[in-house]
Structure formats: C-alpha cells, structure tokens
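Only a predicted model underlies this, so the values are computations on that prediction, with no experimental measurement involved.
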Amino acid sequence: MSVMREELHHLVDRLPEEKVAPLLRLVRDQLDGRPVVRDLPFIGMLEAEPDFAERSEEILRSEDNHSL
C-alpha cells in the first residue's frame with residue numbers, strides 16, 4: 001500500500017462518526033458509479049418448531065423422495 005493510502009486510512013480512522021457519511025459519499029462519487037464487488041458470507045435465518053433440528057435428517061430424506 002502506498003504511503004498516501006496509509007495516511008488516508010489513518011486520517012479516516014481518526015474522524016468523528018458524524019463526518020464519515022459525507023466523506024464516504026465523496027469517495028463513492030469519485031468511483032464513477034463502478035459497482036463494488038463485496039465477498040460477503042451467506043447468512044441464512046430460519047424460524048421453525050423446536051424439534052426441527054432433531055427432525056432435519058428425516059425431513060431431508062422425505063424431500064429427496066419427493067423429487068423422484
């Protein structure tokens with residue numbers, strides 16, 4: 001990383017939180033609308049009956065049989 005980038009990182013880290021949003025908009029505008037690719041992990045949530053985890057293998061087996 002260049003010295004200028006390191007300094008920029010250091011200065012941004014020192015900013016008060018209320019000054020981050022305007023600076024972030026300025027930087028995004030400099031990127032000319034190029035999409036940002038983010039490699040985020042997939043996190044899924046599921047709400048189910050309490051015994052769902054105990055029955056999961058049974059449920060998966062029955063779903064596999066439905067596809068035949």
Side-chain angles (χ1 to χ4, degrees):
M1 184 179 313
S2 73
V3 173
M4 287 192 303
R5 283 181 183 267
E6 286 182 23
E7 181 181 4
L8 180 59
H9 280 272
H10 176 71
L11 292 172
V12 169
D13 288 342
R14 291 180 47 206
L15 281 175
E17 195 63 33
E18 64 272 4
K19 299 212 177 195
V20 172
L23 183 59
L24 181 59
R25 281 192 297 275
L26 177 66
V27 171
R28 284 180 177 157
D29 289 345
Q30 294 298 310
L31 295 175
D32 299 326
R34 288 179 285 184
V36 176
V37 177
R38 301 183 78 186
D39 186 20
L40 299 176
F42 173 77
I43 299 174
M45 295 183 66
L46 179 67
E47 185 175 331
E49 303 160 10
D51 68 336
F52 182 74
E54 294 172 9
R55 296 182 44 234
S56 62
E57 288 183 19
E58 174 189 333
I59 292 168
L60 290 172
R61 273 194 302 276
S62 69
E63 291 297 317
D64 284 341
N65 289 335
H66 288 285
S67 64
L68 296 176

Undergrad: Given the rule that I, L, V, M, F, W and Y join up when any side-chain heavy atoms are under 4.5 Å apart, are Leu11 and Val3 in one cluster?
TA: no

Undergrad: Give, for atom CZ of Arg55 and atom CG of Leu60, the distance between the pair rounded to the nearest 0.5 Å.
TA: 11.0 Å

Undergrad: Which value, rounded to the nearest 0.5 Å, describes the distance between Lys19 atom NZ and Leu24 atom CG?
TA: 15.5 Å

Undergrad: Take atom CD of Glu57 as the centre, draw a 6.0 Å sphere, and report whether it contains more than 12 heavy atoms from other residues, nucleotides or ligands.
TA: no

Undergrad: Check this for me: Glu18, atom CD, are more than 12 non-hydrogen atoms of other residues, nucleotides or ligands nearer than 6.0 Å?
TA: yes

Undergrad: A side-chain contact here means heavy atoms from C-beta on lying under 4.5 Å apart; do Leu23 and Val20 qualify?
TA: no

Undergrad: Using the side chain to side chain contact (heavy atoms under 4.5 Å, CB included) criterion, which residues pair with Pro22? Sequence neighbours excluded.
TA: Arg25

